[in-house]
Protein chains: 2
Amino acid sequence: MGSISKHTLQRLPTYLAYLKSLPCADNACISAAAIAAALELGEVQVRKDLSAVGSAGKPRIGYPVNDLIQHLEYFLGYSTRNRAVLVGVGNLGLALLSYGGFADYGLDIVGAFDSNPALIGLQIDGRPVLSMDELPTFCQRENVQIGILAVPSAAAQPCCDALIAGGVRAVWNFAPVHLKAPDGVLIQRENMASSLALLSYHLKQPERN
Amino acid sequence: MGSISKHTLQRLPTYLAYLKSLPCADNACISAAAIAAALELGEVQVRKDLSAVGSAGKPRIGYPVNDLIQHLEYFLGYSTRNRAVLVGVGNLGLALLSYGGFADYGLDIVGAFDSNPALIGLQIDGRPVLSMDELPTFCQRENVQIGILAVPSAAAQPCCDALIAGGVRAVWNFAPVHLKAPDGVLIQRENMASSLALLSYHLKQPERN
DNA sequence: AACAAATAAGTAAAATTATATCTATAAAAA
DNA sequence: TTTTTATAGATATAATTTTACTTATTTGTT
Ligand SMILES: NC(=O)c1ccc[n+]([C@@H]2O[C@H](COP(=O)([O-])OP(=O)(O)OC[C@H]3O[C@@H](n4cnc5c(N)ncnc54)[C@H](O)[C@@H]3O)[C@@H](O)[C@H]2O)c1
Ligand SMILES: NC(=O)c1ccc[n+]([C@@H]2O[C@H](COP(=O)([O-])OP(=O)(O)OC[C@H]3O[C@@H](n4cnc5c(N)ncnc54)[C@H](O)[C@@H]3O)[C@@H](O)[C@H]2O)c1
């Protein structure tokens with residue numbers, strides 16, 4: 001990563017979502033302490049995170065909410081659109097395709113792909129479901145930078161390779177497998193099994209945490 | 001957490017999935033180095049993680065694959081069933097309900113809830129969709145320990161409270177909000193916005209990582 | 001059968017990274 | 001002007017990962 005730490009980066013969307021949920025008086029300000037209390041974080045951590053995105057607060061005043069939102073959105077790239085394709089239009093893939101919220105994060109899913117002939121030719125909220133053969137050329141032509149993988153584990157690596165062949169530089173993988181990719185391509189795994197492990201482990205603990 | 005670190009705990013399911021994907025000769029063994037290479041981790045880290053679950057390997061031999069799988073499954077509680085309910089049978093909720101894979105992780109979704117009357121009374125793969133009114137009593141009667149939240153952000157906190165009122169001790173939250181819960185209740189957020197932030201940030205970098 | 005070489009696990013220490021505490025400074029309000 | 005309150009920077013603590021080193025076991029060789 002660049003200069004910002006991964007953990008900080010992962011917290012930023014949470015700040016943003018919280019700020020956006022606030023009743024918005026136009027010139028309202030908020031203190032780092034208030035943000036920290038709402039999100040159950042340390043207030044120093046909040047300040048450090050916010051200073052990393054280039055926001056400065058004023059003593060006794062705090063941070064101007066609207067400025068902060070703009071800074072965060074700019075830093076997270078929500079204003080610059082990222083074009084993505086989805087591979088695997090199954091249960092999960094369909095949910096992701098139908099989800100309107102991604103647009104808020106600057107993510108535009110412009111097409112979907114599946115190996116199942118029954119699905120090919122469908123339109124889902126205006127996005128076409130295409131054959132896997134068309135994937136690399138489509139990605140190149142449409143200038144797609146992000147691939148979203150919602151295929152079974154066994155199909156994940158070949159699909160990932162196809163995305164990379166199409167010029168995709170970042171892959172969001174929902175399948176429970178580790179994928180290999182060349183340097184310069186980021187594989188981000190949405191690891192639900194890890195989340196479940198934490199839940200399950202917590203339940204096994206007698207009465208702690 | 002107990003004695004094991006959170007990061008270690010999160011890696012364990014990945015080891016398990018990898019080991020299970022291996023062509024299984026019955027008494028086969030695998031070295032920490034081989035696991036590390038496959039998952040692109042440090043080999044010492046693999047050894048430390050595996051020793052944390054109580055597995056011991058033999059020099060020159062490695063770890064017996066089947067034993068390791070059993071150790072991991074036991075440690076992660078995949079053998080002891082966890083009963084869960086889903087709240088919010090929308091796009092995402094339906095995908096989660098329909099997903100067969102959770103059973104492998106010891107998670108049994110035994111019921112679903114929604115505020116939309118049109119959905120109440122449906123059966124999805126044998127699980128009933130019930131009214132929100134019934135949530136607390138259902139959870140208590142059915143001994144539900146885990147709640148899965150797939151409702152809109154605005155509804156998340158009240159739904160979470162209802163789950164906790166029903167005796168749920170761990171909540172898996174897919175809504176992009178921070179939830180508050182009393183001590184002893186774990187809130188695990190599946191933070192897709194964070195994942196997207198990492199992807200988006202990576203794409204903004206000139207040509208690094 | 002004994003011994004050396006090779007391989008892999010286990011342990012300890014160092015370095016990195018992340019978080020928390022503390023002090024100083026600056027701005028607003030009394 | 002003084003007091004209060006909040007940020008910014010420096011320092012300290014804690015957690016995690018990496019590096020280095022030691023120990024143990026098998027395999028091959030004499
Ligand atoms: N559904 C969930 O809630 C959920 C949760 C966690 C993880 N996942 C993971 O997400 C992935 C998808 O899950 P799902 O429930 O949507 O599965 P699914 O079986 O419903 O959908 C998979 C889709 O991928 C398509 N597909 C299969 N092989 C393909 C290939 N080689 N190329 C292109 N498309 C192909 C299938 O036609 C199908 O449409 C799986 O890896 C699963 O483990 C799903
Ligand atoms: N769909 C996705 O791919 C996706 C991805 C990331 C995050 N999310 C998040 O997951 C949540 C659900 O997303 P979705 O796309 O399934 O939304 P959705 O609108 O399709 O489904 C929401 C469901 O919740 C129900 N609901 C609303 N208020 C409720 C209440 N007070 N009590 C009980 N049920 C209630 C609705 O009736 C509906 O069935 C949202 O918070 C969303 O931000 C979804």
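Letters go in sequence order (proteins before strands), and every chain restarts at 1. Basis for what follows: all heavy atoms, side chains included, without hydrogens, waters or symmetry-related copies.
- Taking only side-chain atoms of A:Tyr63, from C-beta outward, the nucleotide of C:dA9, D:dT7, D:dT17 with the closest atom is D:dT7.
- Nucleic acid contact class of A:Gly62 (heavy atoms, under 4.0 Å, all strands): sugar-phosphate only.
- Ring centroids of A:Tyr18 and A:Tyr15 are separated by 6.0 Å or more, keeping the two rings apart.
- Within residues 65-72 of chain A, no residue approaches DNA chain D, by heavy-atom distance under 4.0 Å.
- Residues A:Phe174 and A:Val151 have side chains not in contact (no heavy-atom distance under 4.5 Å, counting atoms from C-beta outward).
- The distance from atom CG of A:Leu9 to atom P of C:dT17 is 16 Å, rounded to the nearest whole Å.
- Within residues 47-56 of chain A, the residues having any heavy atom closer than 4.0 Å to DNA chain D are, in order of number, A:Arg47, A:Ala56.
- Residue A:Arg189 holds its CZ atom at 12.0 Å from CG of A:Leu149, rounded to the nearest 0.5 Å.
- Protein atom CD of A:Glu43 is 11 Å distant from nucleotide atom C1' of C:dT21, rounded to whole Å.
- Atom CD of A:Gln45 and atom P of C:dT21 are 12 Å apart (whole Å).
- Atom CD1 of B:Ile35 is separated from atom C1' of C:dA9 by 12 Å (rounded to the nearest Å).
- Residue whose closest nucleotide on DNA chain C sits further toward the 5' end, between B:Ala33 and A:Arg11: B:Ala33.
- B:Asp114 has its side chain out of reach of B:Met132: every pair of non-hydrogen atoms, C-beta onward, lies at least 4.5 Å apart.
- Phosphate proximity of C:dT17 to A:His7: absent, as no side-chain N or O sits under 4.0 Å from OP1 or OP2.
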Determine, step by step, whether B:Gln45 and B:Asp49 satisfy the side-chain hydrogen bond (donor to acceptor under 3.5 Å, both in side chains) criterion, reporting the C-alpha distance in whole Å, the side-chain angles of both residues, the deciding distance to 0.1 Å, and the verdict. CA-CA 6 Å; B:Gln45 187 166 66; B:Asp49 288 345; 5.3 Å; no
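- For the pair B:Lys6 and A:Tyr201, the cation does not sit on the ring face, since its NZ or CZ is not both under 6.0 Å from the ring centre and inside 45° of the axis.
- Contact annotation: the side chain of B:Leu203 approaches that of A:Ile146 to within less than 4.5 Å [non-hydrogen atoms, C-beta and beyond].
- Contact annotation: the side chain of A:Tyr105 never approaches that of B:Ser200 to less than 4.5 Å [non-hydrogen atoms, C-beta and beyond].
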Assess whether side-chain hydrogen bond (donor to acceptor under 3.5 Å, both in side chains) is satisfied between B:Gln157 and B:Asp161, documenting all intermediate values. CA-CA 6 Å; B:Gln157 185 70 61; B:Asp161 297 341; 3.0 Å; yes
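- Look at CD1 on B:Ile4: it is 15 Å from C1' on D:dA15, rounded to the nearest Å.
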Reading nucleotides 20-30 of chain D from 5' to 3' and marking B where a protein heavy atom lies under 4.0 Å of the base, S where only the sugar-phosphate is that close, and - otherwise, the string is ----BBBS---
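- Residues B:Arg127 and B:Leu97 have side chains in contact (heavy-atom distance under 4.5 Å, counting atoms from C-beta outward).
- Rounded to whole Å, the distance from NZ on B:Lys6 to C1' on C:dT17 is 16 Å.
- A:Ser195 and B:Glu190 are linked by a side-chain donor-acceptor pair at a separation below 3.5 angstrom, with hydrogens and angles left out of the test.
- If you measure from atom CD1 of B:Ile30 to atom P of C:dT7, you get 17 Å, rounded to the nearest angstrom.
- As a whole-Å value, the separation of B:Leu41 CG from D:dT18 C1' is 13 Å.
- In this structure, the side chains of A:Leu76 and A:Leu16 come closer than 4.5 Å at one or more pairs of heavy atoms.
- Within the 4.0 Å cut-off from OP1 or OP2 of C:dA18, at least one side-chain nitrogen or oxygen of A:Ser5 is found.
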